[in-house]
Amino acid sequence: MLDLGLLIIRIVVGLLFVGHGAQKLFGWFGGHGLKGTAGWLESIGVKPGYTMAVFAAIAEFGGGLLFAAGLVTWLGAAAIIVTMLFAIVKVHGANGLWSTAGGYEYNLVLIAVALGVAFTGAGAYSLDALWF
């Protein structure tokens with residue numbers, strides 16, 4: 001049952017990150033694409049906006065794919081963690097903990113999930129288990 005639980009967590013969290021990356025990369029799912037994301041990043045003081053948008057999009061899209069597939073899971077988890085730490089520092093941290101006030105509650109939960117899976121391992125239903 002542990003392996004099934006890890007699979008569910010990896011797929012849900014990983015694919016949601018793929019979606020967020022696709023919003024930034026391609027403008028899918030209501031996203032603004034790289035240009036729009038770059039403009040928003042510049043507006044909050046993150047420069048160069050376009051380069052950082054590319055990094056964020058690749059971290060979310062690629063990290064989400066790795067995490068969902070359970071392939072080099074620690075690397076996918078690291079991409080998720082770094083992205084969420086950045087979101088806390090640059091966007092949500094000043095708003096306090098609770099998400100109802102725009103805080104970092106959700107980001108912290110995602111960091112905990114990614115760390116937990118990285119420390120536990122991806123489980124039997126993963127490419128890591130198949131190849132390593």
> Quick one: are F67 and I11 in side-chain contact, heavy atoms under 4.5 Å?
Replying inline: no

> Side-chain contact, heavy-atom cut-off 4.5 Å: I111 with I88?
Replying inline: yes

> For the residue pair A59 and A79, what are the closest heavy atoms and their distance?
Replying inline: O-CB, 3.6 Å

> Quick one: are F17 and M84 in side-chain contact, heavy atoms under 4.5 Å?
Replying inline: yes

>> Test your reading of the model: is there a side-chain donor-acceptor pair from S99 to the backbone of G102, 3.5 Å cut-off?
In response: no

> How about L71 and W131: do any of their side-chain heavy atoms sit closer than 4.5 Å?
Replying inline: yes

> Do you know the tightest heavy-atom contact between A122 and G70?
Replying inline: CB-CA, 4.0 Å

> If you take all heavy atoms of L65 and V18, which pair is closest and at what distance?
Replying inline: N-CG2, 3.4 Å

>> For residues 8-26, which residue pairs pass the salt bridge (Lys or Arg N to Asp or Glu O under 4.0 Å) check, not counting sequence neighbours?
In response: K24-E60

> Are the side chain of D128 and the backbone of G121 linked by a donor-acceptor contact shorter than 3.5 Å?
Replying inline: no

>> Tell me every residue that passes side chain to side chain contact (heavy atoms under 4.5 Å, CB included) with L97, counting only those two or more places apart in sequence or in another chain.
In response: Y104, E105, L108

> Of all heavy-atom pairs between Y125 and L7, which one has the smallest distance, and what is that distance?
Replying inline: O-CD1, 3.6 Å

>> Looking at F26, I want to see if its CZ is surrounded by more than 12 non-hydrogen atoms of other residues, nucleotides or ligands under 6.0 Å.
In response: yes

>> If you compare all heavy atoms of F29 against all heavy atoms of Q23, which two are closest, and at what distance to 0.1 Å?
In response: O-NE2, 3.0 Å

>> Ignoring hydrogens, what is the shortest heavy-atom contact between A114 and I80? Give both atom names and the distance.
In response: CB-CG2, 4.0 Å

